[in-house]
Amino acid sequence: MVKLSRRGFLIGGAAVVGTVATGMAIGVGFLSTIDTDGLSGSVLPDGSLGLTAWITIRPDGHITFAIPRTEMGQGIHTALPMLLAEELEVSLDYDNVSVEFPTDPLPVYANFTLALGKRPEDAHGVGAWVGRKIFGMVPYIATGGSSSTVDAYETYRKAGAAARNMLMQAAAKRWQMPMSALYAELGEIVNRETGERLGYGALAADAATMTPEKNLALKDPKDFRLIGTSTPRLDIPDKVRGAAMFGIDTVLPDMLFAAVVQAPVFGGHVKNLDSSKAEGMPHVHKVVNMGNAVGVIADSYYHARKGMDALMIEFADGGNGDLDSAGISKRLKAALDGKPNHIHENVGDVDALLAKGDTLEAEYETPYLAHACMEPMNCTALYKDGKAELWMSAQSPLAMTWAAKEVFKDLSGGTVCHTTLAGGGFGRRIEKDAAVFACKLAAAMPGTPIKAVWPREEDIRHDMYRPAARARIRATLGADGLPTAFDYNIAVQSTLEGFSSRNMPMTQGGPKDPSNVEGASHLPYAIPARRVSNATVELPVPVGFWRSVGHSNNGFIVESFIDEMAFKAGMGPFEYRRKLLAGNKRLSAMMDKLAEISGWGTPAPEGVVRGVSFRPSFRSHVAQVAEIRLDSEKNLKVERVYCVVDCGQVVNPDTVTAQMESGIIFALSALMYGEITLEDGAVQQSNFPDYDMVRMANTPDVVVHIMENHEEPGGVGEPGTPPLFAAVTNAIFTATGERIRTLPLMNQGYSFA
Amino acid sequence: MPDILINGKSIPAGDDPDMPLLWLIRDILKMTGTKFGCGIGACGACTVMVDGVATRSCITPVGLVEGKVTTIEGLSAADQTSAVQAAWIAEQVPQCGYCQSGMIMAATALLRENPEPTDEDIDAAITNICRCGTYPRIRKAIHRAAELTRDMTRGGVANG
Ligand code: FES
Ligand code: FES
């Protein structure tokens with residue numbers, strides 16, 4: 001398959017050279033691309049025509065969409081093409097379009113929403129301009145933070161409109177007709193007067209020389225043809241045939257396979273290595289000591305694993321051999337007992353209000369969690385003549401090129417990351433650790449592609465975990481039972497600090513990392529006095545982004561505590577939330593819808609108990625009701641989850657529904673089983689039996705309702721996860737009076753019925 | 001070692017009878033539709049059929065394989081998707097898709113044994129892990145595939 005290459009990208013008709021695949025700026029040519037909007041035409045090396053940076057049309061009419069966001073299950077390789085196709089006026093069928101992740105890191109491919117925390121169209125002013133320049137220059141190509149659709153919503157529709165306009169100009173010229181006599185329809189430009197039609201393929205070459213008109217009007221939402229419809233996913237036909245290629249499926253000529261074993265204790269390293277036996281084994285090519293890990297290169301992963309088993313390795317523990325879960329729990333407690341090191345929100349006189357009235361207080365504790373993507377961590381690397389090439393299911397090809405820089409001194413030939421489909425990401429695949437190992441192995445055998453695959457045991461033991469946390473909450477209730485003061489403090493490691501220290505040029509985060517408290521700060525609930533703070537701790541356990549990040553901890557804790565307050569006030573949990581949201585029309589409508597579809601307020605079926613929870617995150621709002629059955633032996637069945645989501649303008653409703661189902665089941669696994677514990681400095685869990693998952697038999701029915709409106713789009717990959725935790729534990733409280741303040745449930749004697 | 005019959009082709013089984021079938025398929029034959037998830041028989045990502053029975057290839061030594069092996073690539077004859085695959089598309093099941101080859105093989109084996117499975121039958125037979133949580137759609141797709149197969153059989157175009 002010919003890979004998209006846009007090295008010959010045209011700007012105002014002149015080819016700009018000097019872009020290098022490493023993404024670093026060289027020469028004026030590259031810098032001049034930063035201000036462009038990616039809307040020019042180009043001729044690509046394979047003869048197809050680029051109409052904007054996102055759309056390529058072959059002379060036979062086949063369209064390829066260049067989508068610089070990683071498809072990891074969230075449906076983005078359908079949703080973003082829908083935005084382009086809406087304005088381009090083409091249908092979106094598996095047979096007439098394809099989707100590729102472009103390998104050229106063009107500035108316009110940067111994810112500005114993720115980088116700046118703002119939609120590109122909202123990024124006004126000098127600061128935003130500079131930010132766009134910087135992140136465009138890097139360029140910051142990454143998939144995460146449920147930001148892809150938010151970032152693309154306007155940019156991609158504009159690109160589709162620009163390409164259509166170029167095609168119409170080409171047709172106008174050919175027919176010698178004014179543009180007003182033409183319209184675009186399903187891949188053709190139609191001549192209104194003669195009824196003649198010209199296909200996009202036939203027009204593309206001429207269109208690529210046109211400059212799109214400025215300020216093209218975008219469609220009114222009521223005229224949307226694709227956006228808002230459940231368009232079948234473009235990636236599914238390959239996925240049901242086993243033809244979809246994930247990073248781990250990379251096959252290259254003369255490729256060898258490697259398995260990796262890392263120092264079990266965080267911060268540890270290889271002290272002694274005797275690889276003689278392994279190296280003497282048939283099919284084993286090489287054993288590579290990478291300092292903190294050892295890789296075995298062989299003719300297959302099986303042979304590499306066999307070689308690994310024959311290694312004699314002594315690891316040093318880097319001074320962390322004493323670390324264990326009990327000790328970490330003590331550290332979190334001690335941090336809570338000390339002073340907060342940052343106050344994120346401080347409104348009203350919290351202390352004065354806490355001193356009087358009806359107060360309540362609770363502490364919650366949550367465990368570390370692993371991502372356990374279905375596709376174990378892996379990366380294929382080839383180093384040849386100063387050029388590093390990577391094949392990887394990466395959430396950020398940019399970070400992977402940095403990994404190559406860390407390893408190879410001579411990169412005069414450049415670095416390319418081929419981003420494949422990802423077998424799950426959930427935040428794990430934005431880390432560059434697997435790429436570093438693959439590069440080190442490739443460095444040991446220049447000219448030979450090496451596919452490094454982590455055994456599942458390594459994948460679980462060397463994750464960047466959702467941080468464990470402990471929070472203390474205090475509140476005062478007024479005469480009406482509603483809270484007058486809310487004081488929240490959480491002891492936790494900063495994920496942003498962990499992530500940035502490992503992956504970015506600069507370390508950020510720490511006590512001021514907003515994700516420490518996201519889900520507790522700036523609550524939509526009307527509480528007059530609020531203080532939200534954290535006491536961050538530094539621990540050797542690597543922490544990173546795990547689906548919904550801080551919301552997974554804080555959402556569970558806050559939504560449980562809201563129920564505690566409701567109970568104390570003698571009010572129903574649903575009614576209580578409604579009162580707290582009364583001033584907010586949009587959220588009230590969502591809660592009303594949830595009550596309606598879940599039948600809240602009407603008697604539940606015999607033996608069924610309900611719990612409710614609500615959590616805005618990533619620009620969307622999700623509320624859920626869980627229906628559970630529980631027997632006296634704590635056998636739990638989550639029978640059904642009702643889920644209402646308001647994510648603004650919906651692009652693909654069926655994808656939104658799927659992401660809600662997914663987020664709910666992901667959270668249910670964590671709720672029941674999820675915990676990573678440490679002993680003697682090492683993670684105790686290693687594979688699915690001891691880091692277990694919900695399966696078919698434990699899966700609830702999920703009923704999803706999407707609120708319809710044309711508000712700004714929000715994310716959907718993560719927001720389904722946070723509410724589920726408390727929806728279930730609140731139901732458990734209603735059923736038994738037992739308030740769950742420590743997770744996972746299996747440690748509290750619960751199991752699935 | 002005798003050859004192994006994979007998707008109708010006779011394949012040399014190599015020099016190591018202990019090698020799990022998964023790695024013969026993936027790394028030696030370079031057929032990447034069958035996936036590696038856990039390597040210990042716990043997740044089902046590597047499921048293939050041996051004489052129609054769902055088998056976790058990561059814990060099945062090639063030396064012990066007796067019978068015809070079918071992988072996901074062998075399920076659809078010449079671009080004709082099987083009823084199970086068609087149902088999977090109709091229900092828009094896959095998300096990341098990584099577990100789906102194994103799921104489809106497990107579902108195909110179930111339907112061969114039991115053409116009209118109940119929800120309880122599905123719970124008992126489908127023990128594979130999907131981290132994306134596509135289980136509700138898998139359940140629907142299995143029922144739909146059962147229906148499709150029934151209709152096709154009634155119409156005289158058996159294809160299972
Ligand atoms: S890889 Fe075989 S069961 Fe998991
Ligand atoms: S679809 Fe991603 S693991 Fe099942």
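Chain identifiers are assigned alphabetically (A, B, ...) following the order of the sequence lines, protein sequences preceding nucleic acid strands; residue numbering begins at 1 within each chain.
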Subject >> Part of A:I248 within contact of chain B (heavy atom distance under 4.5 Å) >> reply: both
Original post:
So what's closer than 4.5 Å to chain B heavy atoms on A:F257: side chain, backbone, both or neither?
Top reply: side chain
Original post:
Do NZ/NE/NH1/NH2 and the carboxylate oxygens of A:D654 and B:R137 come within less than 4.0 Å?
Top reply: yes
Original post:
Who among B:T32, B:T134, B:I104, B:T71 has the most heavy-atom pairs with chain A under 4.5 Å?
Top reply: B:T32
Original post:
With chain B, which of A:G75, A:P232, A:G424 has the greatest number of heavy-atom pairs at distances under 4.5 Å?
Top reply: A:P232
**OP:** Report the option among B:S101, B:A42, B:G37 that has the most heavy-atom pairs separated by less than 4.5 Å from atoms of chain A.
**Re:** B:G37
**OP:** Please report the closest heavy-atom contact between A:P700 and B:P136, naming both atoms and the distance.
**Re:** O-CG, 4.3 Å
Original post:
Between atom CD of B:Q92 and atom OG1 of A:T657, what is the distance when rounded to the nearest 0.5 Å?
Top reply: 11.5 Å
**OP:** Please flag which part of A:A244 lies under 4.5 Å from any non-hydrogen atom of chain B: side chain, backbone, both or neither.
**Re:** backbone
Original post:
Taking every heavy-atom pair that is under 4.5 Å apart, which of A:G663, A:A658, A:P689 has the most such pairs with chain B?
Top reply: A:A658
Subject >> Contact class of A:T655 relative to chain B, heavy atoms under 4.5 angstrom >> reply: neither
**OP:** May I ask you to test the A:F246-B:K35 pair for a side-chain heavy-atom distance under 4.5 Å?
**Re:** yes
**OP:** Can you tell which part of A:Q74 gets under 4.5 Å to a heavy atom of chain B, answering side chain, backbone, both or neither?
**Re:** neither
Original post:
Do you see a donor-acceptor pair shorter than 3.5 Å between the side chains of B:D27 and A:H303?
Top reply: no
Subject >> Smallest separation among heavy atoms of A:P237 and B:I89, with atom names >> reply: CA-CD1, 4.3 Å
Original post:
Which pair of heavy atoms, one from B:Y98 and one from A:P376, lies closest together, and at what distance?
Top reply: OH-CD, 3.8 Å
Subject >> Atom pair CG (A:D299) and CH2 (B:W23), whose distance is rounded to the nearest 0.5 Å >> reply: 14.0 Å
Original post:
Taking atom NZ of B:K68 as the centre, does the number of heavy atoms from other residues, nucleotides or ligands within less than 6.0 Å exceed 12?
Top reply: no
Original post:
Heavy atoms, side chains only, cut-off 4.5 Å: are A:V240 and B:P94 in contact?
Top reply: yes
Subject >> Within-4.5 Å side-chain heavy-atom neighbours: B:V93 and A:K239 >> reply: no
Subject >> Partner chain A: residue of B:G39, B:C38, B:G33 with the largest heavy-atom pair count (under 4.5 Å) >> reply: B:C38
Original post:
Where on A:D238 is there a heavy atom nearer than 4.5 Å to chain B: the side chain, the backbone, both, or neither?
Top reply: neither
Original post:
Is a side-chain donor-acceptor pair under 3.5 Å present for B:Q95 with A:E661?
Top reply: no
Subject >> Taking every non-hydrogen atom, the tightest pair across A:S662 and B:C132 >> reply: OG-O, 2.7 Å
Subject >> Heavy-atom pair count under 4.5 Å with chain B, highest-scoring of A:R547, A:H283, A:E375, A:M72 >> reply: A:E375
**OP:** Identify the heavy atoms of A:I665 and B:G133 that sit nearest to each other, and give their distance.
**Re:** CD1-O, 3.3 Å
Original post:
Taking only residues two or more places apart in sequence or in another chain, which ones pass side chain to side chain contact (heavy atoms under 4.5 Å, CB included) with A:T229?
Top reply: A:M82, A:T231
Subject >> Top contributor to chain A contacts, counting heavy-atom pairs under 4.5 Å, from B:M19, B:R131, B:M31 >> reply: B:R131
Subject >> Contact leader toward chain A among B:M103, B:Q100, B:R139, where contacts are heavy-atom pairs under 4.5 Å >> reply: B:R139
Original post:
Going by heavy atoms in the side chains, are B:I40 and A:E457 under 4.5 Å from each other?
Top reply: yes
Original post:
Relative to chain B, which segment of A:M374 carries a heavy atom at a distance below 4.5 Å: side chain, backbone, both, or neither?
Top reply: both
Subject >> Partner of A:M696 under side-chain contact (heavy atoms from CB on, under 4.5 Å), chosen from B:I129, B:N128, B:I122, B:D119 >> reply: B:I122
Subject >> Basic-acidic side-chain contact under 4.0 Å: B:R26, A:D249 >> reply: yes
Subject >> Beyond-backbone contact of A:Y302 with B:C58, side-chain heavy atoms, under 4.5 angstrom >> reply: no
Original post:
What residues, two or more places apart in sequence or in another chain, satisfy side chain to side chain contact (heavy atoms under 4.5 Å, CB included) together with A:T70?
Top reply: A:F101, A:T143, A:T419, A:A422
Original post:
Less than 4.5 Å apart, any side-chain heavy atom of A:L421 and any of B:C96?
Top reply: no
**OP:** State, yes or no, whether a side-chain contact exists between B:Q85 and A:R241 at a heavy-atom distance under 4.5 Å.
**Re:** yes
Original post:
Are B:Y135 and A:V694 close enough, and set up right, to give a side-chain contact (heavy atoms from CB on, under 4.5 Å), and what steps lead you there?
Top reply: CA-CA 9 Å; B:Y135 305 113; A:V694 163; 4.2 Å; yes
**OP:** Counting only heavy atoms closer than 4.5 Å, note whether A:M245 contacts chain B via side chain, backbone, both or neither.
**Re:** side chain
Subject >> Salt-bridge criterion met for A:K306 and B:D16 (N-O under 4.0 Å) >> reply: yes
**OP:** Check the surroundings of atom CG in B:D3: do more than 12 heavy atoms from other residues, nucleotides or ligands lie under 6.0 Å from it?
**Re:** yes
